[in-house]
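Numbered from 1 within each chain, the chains take letters A, B, ... in sequence-line order.
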Amino acid sequence: MKVVFMGTPEFSVPVLESLVKHHEVIAVYTQPARPAGRGNKLIPSPVQQKAESFGIPVFTPISLRKGTASDEFAALNADIAVVCAYGLILPKKVLEAPKKGCINIHASLLPRWRGAAPIQRAIEAGDKETGITIMQMDEGLDTGDMLLKGIVEITPETTASTLHDALSQKGAELIIQALEENPTPQKQPEEGVTYAEKIQKSEAYIDWFMDAEKIKNKIMAFNPYPAAHFIYRGERIKVFNAVVEKTTSKAPVGEVLDSNLLIACRGGTALRLTELQREGKKKMSAEDFLKGFELKKGKNIAV
RNA sequence: CGCGGGGUAGAGCAGUCCGGUAGCUUGCCAGGCUCAUAACCUGGAGGUCGUGAGGUUCAAAUCCCACCCCCGCAA
């Protein structure tokens with residue numbers, strides 16, 4: 001089958017690889033290279049880099065609505081387009097161009113977590129499971145008919161980082177299955193619709209006046225990006241991993257309860273920080289962190 | 001030329017401004033002490049101070065030059 005692939009970040013790369021293995025990928029669409037990172041150098045998207053290594057023609061239009069972009073797309077005469085975290089809205093003209101239309105790989109169990117940040121929002125909300133939905137695209141935001149679903153478990157150890165990789169892998173498997181089996185499209189239920197708002201950097205600041213469980217979920221959801229953090233002695237400390245623990249302490253919120261980073265949170269709940277990072281330093285275990293950073297029992301990090 | 005921090009013992013850091021015997025915490029090894037603790041005490045091993053048969057100097061982790069690598073911010 002002649003497939004056009006549309007995707008941009010690391011998440012979509014395994015999907016592209018999987019498609020290349022099983023089908024004829026005739027073109028790849030991705031976001032144009034933008035200045036990024038230190039030095040603001042122009043960095044091609046991960047998908048573009050991978051596509052070029054395969055020698056597949058890459059298209060990087062700024063928009064599909066304007067100019068001749070949609071005509072170019074139609075001229076490819078594809079059987080189907082597979083879209084995964086592309087980052088551009090597909091106009092009707094594009095959606096209808098391939099013989100079998102456009103199908104999307106979405107990182108949630110629709111209709112829950114439609115939108116931009118389904119992986120992070122599922123963890124943040126404390127969901128016990130999430131997954132991948134393969135769907136036929138229509139003009140709405142993740143509203144198309146569903147073709148296939150795959151469930152992935154969320155455990156207390158799951159971070160956005162590990163879940164990202166697991167879902168990416170799952171997506172790469174399911175898309176092949178969907179293309180082979182050609183399942184019957186099913187309408188999305190009207191019940192249970194939620195939206196996964198884009199992550200704002202300002203959300204990453206840790207408010208210790210919340211339940212430990214909620215803070216923990218945020219920490220896991222924001223690992224690795226944008227990384228939940230607090231400010232202590234004027235320095236930003238990022239927290240990448242934490243464990244909720246029981247405590248009988250009535251210490252004020254933000255107080256360090258022992259010599260190993262157990263922090264008092266709201267209503268007598270407590271959170272042990274287990275992986276952190278100082279400015280300019282690498283991510284490290286709490287053990288290593290404490291060897292060079294004094295944060296003793298009795299201090300308060302919420303002030 | 002976007003802004004900035006860093007590379008020193010296995011690990012995490014101080015020392016660099018103001019050049020003069022390589023330090024701290026932890027880990028490791030040996031021994032001691034204790035009803036007991038991540039307890040405490042004593043001794044010990046472990047370092048080309050990122051690289052350069054670079055520059056300056058009587059003397060460089062420290063000052064100068066070049067390069068490599070890691071990271072934070074912004075985007």
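- Residue Lys41(A) is the one, among Lys41(A) and Lys238(A), whose nearest nucleotide of RNA chain B lies closer to the 5' end (criterion: closest heavy atom).
- Side-chain contact, Gln48(A) with Glu52(A): a donor N or O sits under 3.5 Å from an acceptor N or O.
- Between Phe73(A) and Tyr29(A), the angle of the ring planes goes over 60°, which puts this pair in the perpendicular group of the 30/60° scheme.
- Under the Watson-Crick and G-U wobble criteria, each requiring two contacts below 3.5 Å, nucleotide G31(B) is paired to C41(B).
- Within the 4.0 angstrom heavy-atom criterion, base atoms lie near Arg38(A).
- Using a 4.0 Å heavy-atom cutoff across all strands shown, Glu287(A) reaches no nucleic acid atom at all.
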Might you work through the side chain to side chain donor-acceptor pair (under 3.5 Å) test for Trp113(A) and Asp127(A), ending with a clear yes or no? CA-CA 11 Å; Trp113(A) 302 130; Asp127(A) 290 5; 2.8 Å; yes
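- The side-chain tip of Arg233(A) points at the ring of Phe293(A) from less than 6.0 angstrom away and within 45° of straight on.
- Within 4.0 Å of Lys283(A), counting heavy atoms only, lies no atom of the nucleic acid at all.
- Note on Ser285(A): nothing from the nucleic acid sits closer than 4.0 angstrom, heavy atoms only.
- Between chain A and RNA chain B, the heavy-atom contact criterion of under 4.0 Å yields a 5' to 3' nucleotide range of G2(B) to A75(B).
- Across all strands, Asp288(A) comes closer than 4.0 Å only to sugar-phosphate atoms, never to a base (heavy-atom distances).
- Toward the 5' end of RNA chain B, the nearer of the two residues Asn260(A) and Lys282(A), judged by each one's closest nucleotide, is Asn260(A).
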